[in-house]
Amino acid sequence: MLSESQTQQTNAHPLADPSDRDGQFQWTKQWYPVAVVEFLDPDRPHAIQVIGIDMVLWRDGSGAWRCFEDVCPHRLAPLSEERVEADGTLLCAYHAWRFNGEGQCVSLPQSKDAATEATHCANPKARAMVYATQERQGLLWVWAEAGAAAELESQQRDPRLIPELDDTSGHSVKAFWNIRDLPYGWDFFMENVADPAHVPVSHHGLVGDRYQDAKYYDMPRLREISTQEGFAFAVTPTAPTIQRTSHDFQPPCLMRIETTFSDGGSLLLILYATPTRPGWCRHIGRQVLLKNAAGKTPPGLAFFALPMPTWLGHVLASLFLHQDLVFLHHQERRLAKRQGRWLEQVYTPNPQDKMVITFRQWLENRAGGGIPWSEHYLEPIAGGNHRALFDVWGTHTQHCHTCQRALKRITWLITGVWGGALFALFLAVFLDARFYTLTTAHQAQASLWQMPPLSVLLLLGVAVLLGISGYWLKQLRQLFYVYEFHHADND
């Protein structure tokens, strides 16, 4: 039973009738985005998780990406630790069993003879468990149920796609995909992106000013709540340069945020989140800039829409993502400790929280109250020390083939730059010594100090510049591994 204050909160933010559920949301009968295809190394298997199910992605001989349960049926070894062979099969490096793209075991080398091997391979117990996949709009999507019936069901539903990404008219500018594993749950990700009020405060210095832009606004409903289709809200009033802003939640994975400017251009933020395991989610996001009738491109989110290499956009994303990461991680842990209904634990008197409240109501009344984690998944909500939360290597770089290539090149460049600095310094000292040897031989009465020749000064300058460049390249390389952020330092 709600307290009087909580009743007032609910009345202040009216919600759809909880009994109007149009069926309970089914978490496993959904498409989830799990990877950006261009960032995957096609020669290696990749471990992923979806709603607590351990899976492995790999590309077979036909060039198609496959998804299996991350378990070899022989002795339950993880297939993500195995090999993609030249013949396009997945080989378990424990006993060399091989599987084709359909999950069929095609080689079992310890068998007595070929006939026995064929019999063993044909046994259903030798099959890997296969999950349906598809590539759409540059993403790899996985259906969260396995089996023949699930395969048929998956064909009846499309993923949560973005029509603007299929535009080829030149009307849109599509920024890079970014992908990151975040140390807080799927529901806290969706709560966060349903909350525009936090943006100028948490992201002070990048998007807005915490002292000037934390202002009143309302969030009128644009689309009524639906179990299967979610809901949408607007923001009003907007800034003078903005015509309208909408936040559209489309379960299970998409928050579509669109800002239309007064001149007709629009900024579209595509924010996907896949529940991976308790206390974690995988975020995949992208910006799309829609030009106005005059062909003018609107501004993007901070500097992230500027032309830049994809790897640079990935490492700089930490500057934004880490600004509210700690808040969300600890919010989740505190709510788990209290073990109560969300609405009973918080105080939300202002209309800026309307969409967050609606999301929590949708989750509680229409989606079973939370993610139905796999019964085989036993790990509790993740904890971690402050520095561990800001890990970039484990949450992105080790999974991104593009960033790994860039990291290797930057490491080589650092070695070359510092090597060049040392060589320039050595050459300057050598030339300076020769200069003094020559001059003292011919000018016995010369002063004890003379200005080094221009060539020596230039070499010293080159050494200093290369040394400074090496230092900043090393700072850049560090962003591939960890980026710590503290609001107390963000003035």
Side-chain angles (χ1 to χ4, degrees), residues 13 175 178 180 182-222 231-249 254-262 265-273 281 283-289 298-306 313 316-332 346 348-360 390 483 485-491:
H13 312 305
N178 190 34
R180 183 71 64 88
L182 298 171
Y184 48 84
W186 167 92
D187 51 336
F188 284 86
F189 178 93
M190 287 301 175
E191 178 182 314
N192 180 251
V193 296
D195 169 31
H198 87 280
V199 174
V201 182
S202 292
H203 302 295
H204 171 79
L206 277 180
V207 185
D209 185 302
R210 69 166 75 98
Y211 303 109
Q212 299 180 15
D213 299 328
K215 299 178 179 179
Y216 172 88
Y217 61 83
D218 195 5
M219 293 194 75
R221 192 190 304 276
L222 292 178
F231 46 84
F233 282 77
V235 175
T236 183
T238 58
T241 58
I242 295 175
Q243 185 181 99
R244 64 180 178 273
T245 297
S246 64
H247 288 237
D248 189 342
F249 169 61
L254 174 62
M255 182 68 77
R256 174 191 169 106
I257 302 176
E258 186 167 2
T259 301
T260 301
F261 296 91
S262 302
S266 294
L267 164 63
L268 176 60
L269 297 180
I270 305 164
L271 305 175
Y272 288 114
C281 67
H283 165 50
I284 302 176
R286 190 174 196 174
Q287 295 187 71
V288 179
L289 307 178
L301 178 67
F303 57 82
F304 296 107
L306 297 175
L316 293 181
S318 299
L319 276 63
F320 186 85
L321 294 173
H322 289 194
Q323 287 186 316
D324 51 16
L325 180 151
V326 173
F327 301 147
L328 295 161
H329 173 81
H330 288 290
Q331 274 181 285
E332 180 173 28
V346 299
T348 54
N350 288 327
Q352 290 91 335
D353 289 314
K354 281 183 179 179
M355 190 171 187
V356 174
I357 293 173
T358 302
F359 168 72
R360 288 294 177 178
F390 295 121
Y483 172 71
F485 180 83
H486 304 274
H487 280 278
D489 300 326
N490 184 26
D491 297 326

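For the single chain, residues carry numbers from 1 onward in sequence order.
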Can you tell me how far apart [atom1] ([X]) and [atom2] ([Y]) are? Round to the nearest 0.5 Å.
X: Ile270; Y: Glu258; atom1: CD1; atom2: CD; value: 10.0 Å
X: Leu306; Y: Leu301; atom1: CG; atom2: CG; value: 10.5 Å
X: Leu206; Y: Leu319; atom1: CG; atom2: CG; value: 6.0 Å
X: Leu254; Y: Leu271; atom1: CG; atom2: CG; value: 8.0 Å
X: Met219; Y: Thr236; atom1: CE; atom2: OG1; value: 11.0 Å
X: Tyr184; Y: His330; atom1: OH; atom2: NE2; value: 13.0 Å

(message) Parallel, tilted or perpendicular: which one describes the rings of His203 and His198, with boundaries at 30° and 60°?
(response) perpendicular
Tell me whether [X] contacts the main-chain N or O of [Y] through its side chain, where contact means a donor paired with an acceptor under 3.5 Å.
X: Tyr216; Y: Asn350; result: no
X: Thr245; Y: Ile257; result: no
X: Arg286; Y: Ala175; result: yes

(request) Hey, could you give me each pair passing salt bridge (Lys or Arg N to Asp or Glu O under 4.0 Å) that has a residue in residues 233-249? Not counting sequence neighbours. (result) Arg223-Asp248
(message) Does anything in residues 191-208 form a salt bridge (Lys or Arg N to Asp or Glu O under 4.0 Å)? List the pairs, not counting sequence neighbours.
(response) Glu191-Arg360
Side-chain contact, heavy-atom cut-off 4.5 Å: [X] with [Y]?
X: Asn178; Y: Leu321; result: yes
X: Phe261; Y: Pro299; result: yes
X: Leu289; Y: Leu267; result: yes
X: Leu325; Y: Pro183; result: yes
X: Asp187; Y: Phe359; result: yes
X: Leu268; Y: Arg256; result: yes

(message) Run the salt bridge (Lys or Arg N to Asp or Glu O under 4.0 Å) test against Arg180 and tell me which residues pass, sequence neighbours left out.
(response) none
(message) Under 6.0 Å between ring centres: does that hold for His329 and Phe188?
(response) no
(request) Would you check if the distance from the ring center of Phe231 to the ring center of Phe249 is below 6.0 Å? (result) yes
(request) Check whether the side chains of Ser266 and Thr260 place a donor and an acceptor atom closer than 3.5 Å, and report yes or no. (result) yes
Which atoms form the tightest heavy-atom contact between [X] and [Y], and what is the distance?
X: Phe233; Y: Met355; value: CD1-CG, 3.6 Å
X: Phe390; Y: Tyr483; value: CB-O, 3.0 Å
X: Phe189; Y: His283; value: CZ-ND1, 3.3 Å
X: Val356; Y: Ala194; value: CG2-O, 3.9 Å
X: Gly185; Y: Glu332; value: N-OE1, 2.8 Å
X: Ile357; Y: Thr348; value: CD1-OG1, 3.4 Å

